[in-house]
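Each chain gets a letter, A, B and so on, in the order its sequence line appears, and its residues count up from 1. Below, each value reflects all heavy atoms present in this structure, side chains not excepted, and no hydrogens, waters or symmetry copies.
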Amino acid sequence: MKQNQLKLYNTLSRKKEAFEAINPPFVGMYVCGPTVYGDAHLGHARPAITFDTVYRYLRHLGFKVRYVRNITDVGHLTGDADEGEDKIAKKAKLEQLEPMEVAQQYTDTYHRDMDLLNTLKPSIEPRATGHIPEQIELVESIINEGLAYEVNGSVYFDVLKYNEKKQYGKLSGRVLEDLMSGSRDLDGQGEKRNAADFALWKNAAPEHLMKWQSPWGIGFPGWHLECTAMSSKYLGKHFDIHGGGMDLLFPHHECEIAQGNACNHVDPAKYWMHNNMITINGQKMGKSLGNFITLSELFSGSHDLLEQAYSPMTIRYFILTAHYRSTLDFSNEALKAAQKGYKKLINGLRTCEKLSYTDTNEIEQDSKQMEQINSSIEQAYRAMDDDFNTAQAIGHLFNLLKKINSLHTGQLHPSQIGQEGFQKLIDTFTYFVTEILGLKEEKIDHQEKLLSALLQVYTEAKTARNYQKVDEIRASLKEIGIVVKDMKDKIDWAYEE
RNA sequence: GGUCGCGUGGCCGAGCGGUUAGGCAGAGGUCUGCAAAACCUUGUACAGCGGUUCGAAUCCGCUCGCGACCUCCA
């Protein structure tokens with residue numbers, strides 16, 4: 001294990017800390033997943049890619065990581081006009097579908113998009129609706145601790161009482177007094193003892209679609225409960241890393257800490273990591289703002305803001321070129337630049353496959369070249385060790401790419417860097433791009449165009465009576481299962497039967 | 001209003017006290033049948049004003065501008 005140098009920024013301390021696993025070589029990581037009531041958008045891609053990279057890098061360092069990312073298919077209340085109504089249920093009524101049908105549909109598209117972005121699947125992907133008993137148990141346990149109270153079939157977390165012994169607000173840096181004055185008038189506010197209290201269980205109105213039987217009557221779980229229930233079930237009461245978007249910092253993650261401490265008497269996570277937002281024209285991209293672009297729109301180019309389609313790997317690369325804690329502004333110009341950068345990197349990958357070491361006695365080793373290569377390799381890893389600075393790592397990879405391209409064009413001879421140096425250069429570049437950054441070649445799929453170009457050559461060869469070439473083309477196409485058909489007045493092709 | 005963060009060259013985006021980040025775009029060159037790619041060289045950057053320091057984009061203060069959270073949100 002190479003955990004010695006890894007540092008990560010812990011929101012809890014607001015500092016970069018050395019990463020020390022609680023129980024090495026194992027690492028437990030919980031990341032807040034999507035609420036499946038709409039297509040995944042660019043904003044969903046950021047945490048998915050950020051924590052996929054964290055997952056990949058921890059595994060690279062030799063850790064055995066259990067990566068849990070939930071699917072929220074119930075719970076969260078909507079704001080404003082539809083106060084108190086379940087988000088999933090609302091969408092269901094709109095489309096005349098079963099709530100679970102909506103959740104399933106968007107879970108599927110989320111998975112499809114995440115696969116396209118080449119994110120590794122989490123070890124466990126639990127659903128909120130599959131953990132209702134666990135959540136009820138949790139509520140009971142918090143009531144038993146004297147930190148929650150029931151009113152009209154709803155249960156609220158007693159933040160004031162909790163704050164007597166523990167500190168509510170330690171993650172987000174809030175002070176309880178400030179919170180009590182600033183809170184808005186929401187549904188159920190009248191039932192709460194204090195404005196800062198939050199719901200653990202909500203009484204469901206008869207027309208409410210998703211509801212369950214509980215000791216407090218028919219209802220549904222509160223906004224923050226599922227993550228506490230599922231993280232403690234699969235990772236234990238105290239685990240290594242909890243991740244999510246910065247917008248979840250308060251109140252969601254703050255409440256998770258309070259819930260965890262209330263029933264398990266320990267902070268749920270040792271390290272809290274938060275990715276920053278993607279902005280569009282400097283403003284946060286979000287569902288509620290109506291300025292979001294879905295991933296499938298991005299992949300197909302079908303959105304008014306898009307000048308063209310951007311491939312999944314272009315998006316992945318684009319996100320990796322910024323540090324995860326910085327905001328990243330969307331623009332066609334930036335995406336186009338990302339597309340070129342990505343392709344440059346992938347062309348490097350292809351060049352690596354083609355290169356092989358050749359020795360010659362006439363050329364001496366060049367220690368300066370070797371130093372530059374070793375330094376870039378070392379710095380690329382050091383950048384990852386420094387709070388997963390993919391942007392900086394990519395910069396160093398481009399420096400390596402220059403060497404690779406120089407080898408390819410003959411401006412640098414393999415002998416100058418020695419066999420060992422040569423292999424290290426090729427291997428590191430390839431491994432870093434594909435395994436750590438998770439970038440892969442997107443093969444072009446233009447079968448028709450390629451075939452027609454080839455058949456054009458075939459036709460010309462035939463006209464010129466160059467039958468050797470004609471046979472060659474026919475043979476090579478046959479190898480991939482395609483037969484050339486010489487018709488009376490044209491040349492066509494068909495799949496070999 | 002409270003809390004937190006940001007402002008880097010034409011664009012994106014690292015850097016967080018002293019070394020060329022890098023990509024895209026631009027200019028010049030090498031290579032090339034042409035082109036492309038690639039390689040080499042290259043430019044006006046650190047919002048403004050003060051301060052600390054031998055030295056600041058980097059630390060401190062103020063000013064201006066922008067954003068996030070405080071309500072579901074990635």
Side-chain angles (χ1 to χ4, degrees), chain A residues 11 14 16 31-35 37-38 40-51 72 75-80 82-87 90 169 172-175 177-179 181-187 196 198 223 243-252 254 274-279 281-289 292 317-318 320-345 347-348 351 376 379-380 383 386 389-399 401-412:
Chain A
T11 310
R14 300 193 179 266
K16 277 185 203 167
V31 176
C32 288
T35 303
Y37 70 113
H41 56 78
L42 237 193
H44 289 102
R46 177 97 116 147
I49 289 168
T50 296
F51 293 105
T72 297
H76 300 220
L77 299 170
T78 53
D80 296 331
D82 16 65
E83 279 181 24
E85 199 169 3
D86 191 292
K87 206 183 259 177
K90 183 181 174 255
S172 55
R174 310 245 159 174
V175 181
E177 286 86 76
D178 299 340
L179 290 171
S181 55
S183 195
R184 237 180 36 161
D185 198 25
L186 280 172
D187 180 49
F198 57 91
W223 321 346
M246 240 171 210
D247 50 347
L248 298 178
L249 218 154
F250 188 89
H252 186 57
E254 199 68 72
H274 292 94
N275 63 274
N276 214 137
M277 304 290 102
I278 286 186
T279 58
N281 297 323
Q283 209 188 15
K284 185 176 127 177
M285 176 182 291
K287 192 104 194 162
S288 50
L289 295 166
F292 65 99
Y317 174 87
F318 174 64
L320 291 175
T321 52
H323 184 89
Y324 74 91
R325 284 191 287 114
S326 302
T327 54
L328 176 60
D329 198 48
F330 162 90
S331 71
N332 279 287
E333 214 176 356
L335 259 319
K336 281 181 198 167
Q339 182 179 63
K340 292 196 176 185
Y342 157 70
K343 288 191 172 164
K344 190 169 182 173
L345 224 42
N347 280 333
T351 303
S376 290
Q379 288 187 89
D386 186 12
N389 196 332
T390 51
Q392 206 173 54
I394 288 171
H396 295 300
L397 289 181
F398 274 107
N399 287 332
L401 180 56
K402 280 187 183 169
K403 302 298 178 195
I404 290 165
N405 283 329
S406 296
L407 285 169
H408 185 53
T409 55
Q411 281 147 298
L412 179 67

Within the structure shown, what part of the strands sits under 4.0 Å from [X] by heavy-atom distance: base, sugar-phosphate, or nothing?
| X | value |
| --- | --- |
| Met277(A) | base |
| Leu42(A) | nothing |
| Leu249(A) | nothing |
| Lys284(A) | base |
| His41(A) | base |
| Ala322(A) | sugar-phosphate |

Whole-Å distance between [N] [atom2] and [X] [atom1]?
| X | N | atom1 | atom2 | answer |
| --- | --- | --- | --- | --- |
| Asp247(A) | G5(B) | CG | P | 17 Å |
| Arg14(A) | U3(B) | CZ | P | 13 Å |
| His274(A) | G67(B) | NE2 | P | 23 Å |
| Leu328(A) | G67(B) | CG | P | 17 Å |
| Gln339(A) | C24(B) | CD | P | 12 Å |
| Asp329(A) | U8(B) | CG | C1' | 15 Å |
| Asn332(A) | G10(B) | CG | P | 21 Å |
| Leu320(A) | G23(B) | CG | P | 17 Å |

Rounding to the closest angstrom, what is the interatomic distance between [N] and [M] at atom [atom1]?
| N | M | atom1 | answer |
| --- | --- | --- | --- |
| U63(B) | C24(B) | P | 41 Å |
| A21(B) | C62(B) | C1' | 32 Å |
| C64(B) | C49(B) | C1' | 10 Å |
| U20(B) | C46(B) | C1' | 16 Å |
| A57(B) | G7(B) | C1' | 11 Å |
| U58(B) | C16(B) | C1' | 5 Å |
| U52(B) | G61(B) | P | 15 Å |
| C34(B) | U44(B) | C1' | 36 Å |

Pairwise 5' ranking along RNA chain B for Glu333(A) and Gly245(A), keeping only the more 5' one: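 Its nucleotide being nearer the 5' end, the pick is Glu333(A).
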Here's a test of your reading of the structure: between Phe250(A) and Gly173(A), which maps to the more 5' nucleotide of RNA chain B?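 It is Gly173(A) whose nearest nucleotide is closer to the 5' end.
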Just checking, any donor-acceptor pair under 3.5 angstrom between side chains of [X] and [Y]?
| X | Y | result |
| --- | --- | --- |
| His274(A) | Thr11(A) | yes |
| Asn276(A) | Thr327(A) | no |
| Ser331(A) | Glu333(A) | no |

Heavy atoms of other groups near Lys336(A) NZ, more than 12 under 6.0 Å: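 Check passes, neighbour count above 12.
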Looking at [X] and [Y], what are the two nearest heavy atoms and their distance?
| X | Y | value |
| --- | --- | --- |
| Asn389(A) | Gln392(A) | OD1-N, 3.0 Å |
| His44(A) | Pro34(A) | CD2-CB, 4.0 Å |
| Ala383(A) | Ala393(A) | CB-N, 3.7 Å |
| Ala334(A) | Phe318(A) | CB-CE1, 3.8 Å |

What pairs with Lys340(A) under salt bridge (Lys or Arg N to Asp or Glu O under 4.0 Å), at least two apart in sequence or on another chain?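 For Lys340(A) there are no salt bridge (Lys or Arg N to Asp or Glu O under 4.0 Å) partners, ignoring immediate neighbours.
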Out of G23(B), C70(B), G67(B), whichever nucleotide has its closest atom nearest the side chain of Gln283(A):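 Among the listed nucleotides, the one closest to the side chain of Gln283(A) is G67(B).
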When you get a sec, tell me which of C24(B), A14(B), C69(B) is the closest nucleotide to the side chain of Ala391(A)?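 Given the options C24(B), A14(B), C69(B), the side chain of Ala391(A) is closest to A14(B).
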Report the base-pairing partner of [N] (Watson-Crick or G-U wobble, both distances below 3.5 angstrom), or none.
| N | result |
| --- | --- |
| U71(B) | none |
| G5(B) | C66(B) |
| G61(B) | C49(B) |
| A25(B) | none |
| U32(B) | none |

If you measure from CG on Leu328(A) to CG on Leu320(A), what distance do you get to the nearest 0.5 Å?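 Taking CG in Leu328(A) and CG in Leu320(A), the distance rounds to 10.0 Å.
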Between Arg46(A) and Tyr324(A), is NZ or CZ placed under 6.0 angstrom from the six-membered ring centre and within 45° of the ring axis?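 That pair does not qualify as a cation-pi contact.
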Heteroatom pairs (N/O) under 3.5 angstrom, protein to nucleotides 15-19 of chain B:
| from | atom 1 | to | atom 2 | distance (Å) |
| --- | --- | --- | --- | --- |
| G15(B) | OP1 | Asn389(A) | ND2 | 2.8 |

Quick tally for nucleotides 31-41 of chain B: nucleotides whose base has a protein heavy atom under 4.0 Å get B, sugar-phosphate-only ones S, the rest -, giving -------SBS-
Of Thr390(A), Leu345(A), Ile49(A), Leu335(A), which is the lone residue that meets side chain to side chain contact (heavy atoms under 4.5 Å, CB included) with Tyr317(A)?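 The single option meeting the side chain to side chain contact (heavy atoms under 4.5 Å, CB included) with Tyr317(A) is Leu345(A).
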